[in-house]
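Structure first, commentary second.
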Amino acid sequence: MYPEVRRLLPDLEDDILESYEEHHVADVLCAELAAMDADDEHFNAKTTVLIENVLHHVEEEEQEWFPKVRDALGRKELQEIGERMIALRRDAPRSPSDPKAIKKAMDAVTA
């Protein structure tokens with residue numbers, strides 16, 4: 001959704017860039033957790049940080065970002081974006097070790 005909203009609503013550029021960074025942090029934490037043993041001394045702390053970051057991100061989207069997008073775009077346009085997102089879901093990574101997820105994380109790190 002971010003690339004489409006970024007294209008349609010350039011005034012939300014800062015919000016979208018922040019959201020990309022929040023997703024990046026979650027991706028990195030997921031990849032690190034997937035590579036760790038649950039008995040690693042950092043596992044619980046890392047999991048807590050991931051949960052806190054995701055909850056913050058969701059709250060920010062629901063309370064601030066989504067209302068701005070809803071106000072700026074019409075119902076038809078939002079439905080079209082939603083349909084495209086549903087179609088893309090089947091190709092989305094399912095785990096941090098999925099090659100698409102690894103590529104996304106690497107692209108974010110090297111960007």
Side-chain angles (χ1 to χ4, degrees):
M1 182 169 174
Y2 295 130
E4 189 72 7
V5 172
R6 188 177 190 188
R7 182 180 68 77
L8 294 169
L9 304 173
D11 289 348
L12 296 182
E13 177 84 10
D14 289 343
D15 293 329
I16 292 167
L17 291 174
E18 180 181 338
S19 291
Y20 275 130
E21 293 304 320
E22 290 172 350
H23 277 256
H24 170 66
V25 168
D27 290 342
V28 169
L29 289 169
C30 285
E32 290 175 355
L33 285 164
M36 294 174 82
D37 289 327
D39 60 351
D40 184 292
E41 69 177 350
H42 295 276
F43 189 87
N44 287 341
K46 200 172 290 284
T47 300
T48 300
V49 170
L50 174 62
I51 292 167
E52 290 172 349
N53 278 303
V54 170
L55 289 174
H56 162 79
H57 177 75
V58 168
E59 181 178 320
E60 198 169 63
E61 280 189 338
E62 290 177 352
Q63 301 300 316
E64 299 171 25
W65 196 72
F66 288 160
K68 292 177 187 176
V69 173
R70 274 190 221 99
D71 288 345
L73 300 178
R75 185 174 193 84
K76 184 177 192 274
E77 197 161 24
L78 288 171
Q79 287 175 332
E80 289 170 358
I81 292 170
E83 289 170 9
R84 287 194 300 276
M85 288 176 58
I86 289 169
L88 292 169
R89 185 184 327 176
R90 71 175 171 268
D91 293 330
R94 300 283 185 239
S95 75
S97 60
D98 184 305
K100 291 176 192 168
I102 293 169
K103 181 183 181 326
K104 180 181 170 199
M106 292 305 294
D107 289 348
V109 170
T110 60

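Fair warning: this is a prediction, and the values are worked out from it, not measured in the lab.
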| task | Show your reasoning for whether side chain to side chain contact (heavy atoms under 4.5 Å, CB included) applies to Glu60 and Glu18. | result | CA-CA 11 Å; Glu60 198 169 63; Glu18 180 181 338; 3.0 Å; yes
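- Atoms CD and NE2, from Glu21 and His57 in turn, are 11.5 Å apart once rounded to the nearest 0.5 Å.
- Interatomic distance, His24 NE2 to Asp27 CG, rounded to the nearest 0.5 Å: 8.0 Å.
- Residues Val5 and Asp15 fail the side-chain proximity criterion, which asks for heavy atoms closer than 4.5 Å.
- Here the CD-NZ distance, from Glu32 to Lys46, works out to 3.5 Å after rounding to the nearest 0.5 Å.
- Val54 and Trp65 are not part of a single hydrophobic cluster, where members link through side-chain heavy atoms under 4.5 Å apart.
- Going from atom CG of Asn53 over to atom OG1 of Thr48 covers 11.0 Å, rounded to the nearest 0.5 Å.
- Using a 4.5 Å heavy-atom threshold, the side chains of Glu77 and Leu8 count as touching.
- The hydrophobic cluster containing Val28 does not contain Val49, counting ILVMFWY residues as joined when their side-chain heavy atoms lie under 4.5 angstrom apart, directly or transitively.
- Here the shortest heavy-atom pairing between Val69 and Leu9 reads CA-CD1, 4.2 Å.
- Within the model, atoms CG of Leu78 and CE of Met85 stand 10.5 Å from one another, a figure rounded to the nearest 0.5 Å.
- Connectivity analysis of hydrophobic side chains (ILVMFWY, heavy atoms under 4.5 Å, direct or indirect) links Leu88 to nothing; its cluster partners are none.
- Note on Ile81: it clusters hydrophobically with Phe66, by side-chain heavy-atom contacts below 4.5 Å among ILVMFWY residues.
- Among residues two or more places apart in sequence or in another chain, the salt bridge (Lys or Arg N to Asp or Glu O under 4.0 Å) test is passed with Arg75 by none.
- By the 4.0 Å N-to-carboxylate-O rule, Glu64 lies too far from Lys68 to be salt-bridged with it.
- Nearest heavy atom pair, residue Glu61 against residue Ser19, reads OE2-OG, 4.4 Å.
- For the atom pair Tyr2 OH and Leu17 CG, the distance stands at 11.0 Å (nearest 0.5 Å).
- Heavy atoms only, all atoms of each residue included: Phe43 and Asp37 are closest at CD1-O, 3.6 Å.
- Nearest heavy-atom pair, Tyr20 versus Arg6, reported as atom, atom and distance to 0.1 Å: CE1-NH1, 4.1 Å.
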